[in-house]
Amino acid sequence: MIKIEHLKVRFGQVDVLKDINIDIGKGEVIALIGPSGTGKSTFLRCLNFLIKPTQGKITIDGFTIDAKTASKKDIYKIRQKTAMVFQNYNLLKNKTAFQNIMEPMITVQKKSKKEAEEIALDLIKKVGLLEKKMHIQERCQVVSSKE
Ligand SMILES: Nc1ncnc2c1ncn2[C@@H]1O[C@H](COP(=O)(O)OP(=O)(O)OP(=O)(O)O)[C@@H](O)[C@H]1O
Ligand SMILES: [Mg+2]
């Protein structure tokens with residue numbers, strides 16, 4: 001399902017990822033653990049080319065992208081097959097929790113608004129956050145900064 005071959009990332013003079021090879025099967029749950037600064041986020045960012053690897057091949061769900069030849073189209077395609085929660089969340093601050101879930105489905109996956117709404121509702125219920133549906137992160141910060 002996910003295959004990583006000879007993945008390398010070099011920042012300046014530092015090799016952050018040195019020849020990573022891993023095969024992850026469908027339904028397998030993997031935890032990456034290690035001290036701060038050892039490259040966990042860098043590895044995840046390579047999976048959808050938020051960081052372009054120095055070298056290596058990534059295959060997700062039968063689609064292979066090679067760092068050496070990756071085109072914009074390839075990168076777009078691999079992004080349609082991946083999703084991540086960022087360490088610092090990176091939410092759209094002027095949008096509600098519900099809109100944050102819907103937005104990628106509409107802009108990246110090209111789902112209709114109606115379909116995205118149905119999926120988002122299902123997901124937000126599943127994680128027990130239905131009452132936070134209309135919550136806006138920015139508003140909360142403004143409120144708390146006045147306190
Ligand atoms: N864009 C970048 N340019 C240069 N160096 C970077 C860049 N991004 C990360 N690094 C460096 O790469 C190394 C790995 O960083 P990374 O953020 O992947 O670590 P991490 O394992 O996710 O750490 P943490 O547990 O703190 O989240 C660190 O030394 C970091 O300073
Ligand atoms: Mg990290």
Side-chain angles (χ1 to χ4, degrees), residues 1-111 116 119-145 147:
M1 183 114 228
I2 300 178
K3 189 181 177 81
I4 313 290
E5 296 166 273
H6 304 295
L7 181 67
K8 291 183 190 174
V9 174
R10 190 175 176 88
F11 289 131
Q13 299 300 304
V14 184
D15 287 316
V16 174
L17 301 180
K18 306 173 196 173
D19 202 26
I20 307 287
N21 294 277
I22 184 168
D23 244 314
I24 304 169
K26 188 172 182 175
E28 235 184 302
V29 178
I30 301 289
L32 270 183
I33 55 173
S36 181
T38 47
K40 304 179 294 294
S41 292
T42 302
F43 174 79
L44 282 182
R45 284 169 170 271
C46 284
L47 292 190
N48 60 6
F49 271 64
L50 283 177
I51 289 174
K52 186 171 180 281
T54 310
Q55 192 188 310
K57 269 194 215 171
I58 293 162
T59 305
I60 299 178
D61 205 11
F63 178 74
T64 302
I65 182 165
D66 188 324
K68 285 217 172 83
T69 55
S71 66
K72 273 190 178 170
K73 210 172 150 194
D74 293 337
I75 293 172
Y76 192 75
K77 201 161 177 189
I78 207 101
R79 286 184 182 162
Q80 287 182 313
K81 290 178 177 287
T82 56
M84 71 187 281
V85 176
F86 291 92
Q87 199 159 342
N88 52 352
Y89 306 119
N90 286 354
L91 293 169
L92 302 166
K93 289 185 180 166
N94 59 340
K95 293 197 183 286
T96 64
F98 199 62
Q99 287 167 330
N100 265 279
I101 302 170
M102 281 175 59
E103 199 61 45
M105 288 190 270
I106 294 168
T107 54
V108 181
Q109 296 179 345
K110 308 292 179 203
K111 290 193 187 336
I119 297 170
L121 193 61
D122 188 42
L123 291 173
I124 208 162
K125 278 184 192 164
K126 208 173 258 176
V127 296
L129 288 174
L130 185 60
E131 75 277 16
K132 304 278 188 199
K133 187 173 167 237
M134 303 312 284
H135 189 90
I136 296 180
Q137 190 187 17
E138 185 88 310
R139 245 184 236 159
C140 264
Q141 284 170 354
V142 172
V143 170
S144 60
S145 70
E147 283 170 351

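In listed order, ligands and their atoms are each counted from 1.
With hydrogens left out, the protein atom closest to atom 3 (N) of ligand 1 is Phe11 CD2, 3.6 Å, a heavy atom. For atom 28 (C) of ligand 1, the closest non-hydrogen atom on the protein side is Gly37 O, 3.6 Å. The shortest contact between atom 17 (O) of ligand 1 and any protein heavy atom is with Ser41 CB, 3.9 Å. At the shortest separation from atom 25 (O) of ligand 1 among protein heavy atoms lies Lys40 NZ, 2.7 Å.
In terms of heavy-atom proximity, Arg10 sits nearest to Asp15 at NH1-OD1, 2.8 Å. The minimum heavy-atom distance between Leu7 and Pro53, with the atom names listed, is CD1-CB, 3.4 Å. Closest of all the heavy-atom pairs between Val108 and Tyr76 is O-OH, 3.6 Å.
Each protein N/O/S atom under 2.8 Å from the Mg ion (ligand 2) was counted, for a total of 2.
The protein reaches atom 10 (N) of ligand 1 closely, with a heavy atom under 4.0 angstrom from it.
No more than 12 heavy atoms of other residues, nucleotides or ligands shown are found within 6.0 angstrom of NZ on Lys3.
Every atom of ligand 1 is numbered from 1 in the order shown, and the set under 4.0 Å from a heavy atom of Gln87 is 24 (P), 27 (O). The Ser36 neighbourhood of ligand 1 comprises atoms 23 (O), 24 (P), 25 (O), 26 (O), with distances under 4.0 Å to a heavy atom of that residue. For ligand 1, the atoms sitting less than 4.0 Å from at least one non-hydrogen atom of Val16 are 12 (O), 13 (C), 14 (C), numbered in the order shown with element in parentheses.
With sequence neighbours left out, the side chain to side chain donor-acceptor pair (under 3.5 Å) criterion links Ser71 to Asp74. For Asn48, the side-chain contact (heavy atoms from CB on, under 4.5 Å) partners at least two apart in sequence or on another chain are Leu50, Arg79, Thr82, Met84.
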task: Before giving the answer on side-chain contact (heavy atoms from CB on, under 4.5 Å), spell out for Phe49 and Lys72 the whole-Å C-alpha distance, their side-chain angles and the decisive distance to 0.1 Å.
output: CA-CA 10 Å; Phe49 271 64; Lys72 273 190 178 170; over 6 Å; no
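The shortest heavy-atom distance from Gly39 to ligand 1 is under 4.0 Å.
Side-chain contact between Asn94 and Gln99 is absent, with no heavy-atom pair separated by less than 4.5 Å. Contact check for Lys40 versus Leu44: no side-chain heavy atoms found under the 4.5 Å cut-off.
Ranked by closest heavy atom to atom 15 (O) of ligand 1, the top entry among Ile33, Leu50, Thr42, Asn88 is Thr42.
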What donor-acceptor contacts under 3.5 angstrom involve side-chain atoms of residues 57-68, with partners at least two apart or in another chain?
residue, atom, partner, partner atom, Å
Thr59, OG1, Thr64, OG1, 2.8
Asp66, OD1, Lys68, N, 2.9

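The structure places CD of Gln109 at 12.0 Å from CD of Glu103, a figure rounded to the nearest 0.5 Å.
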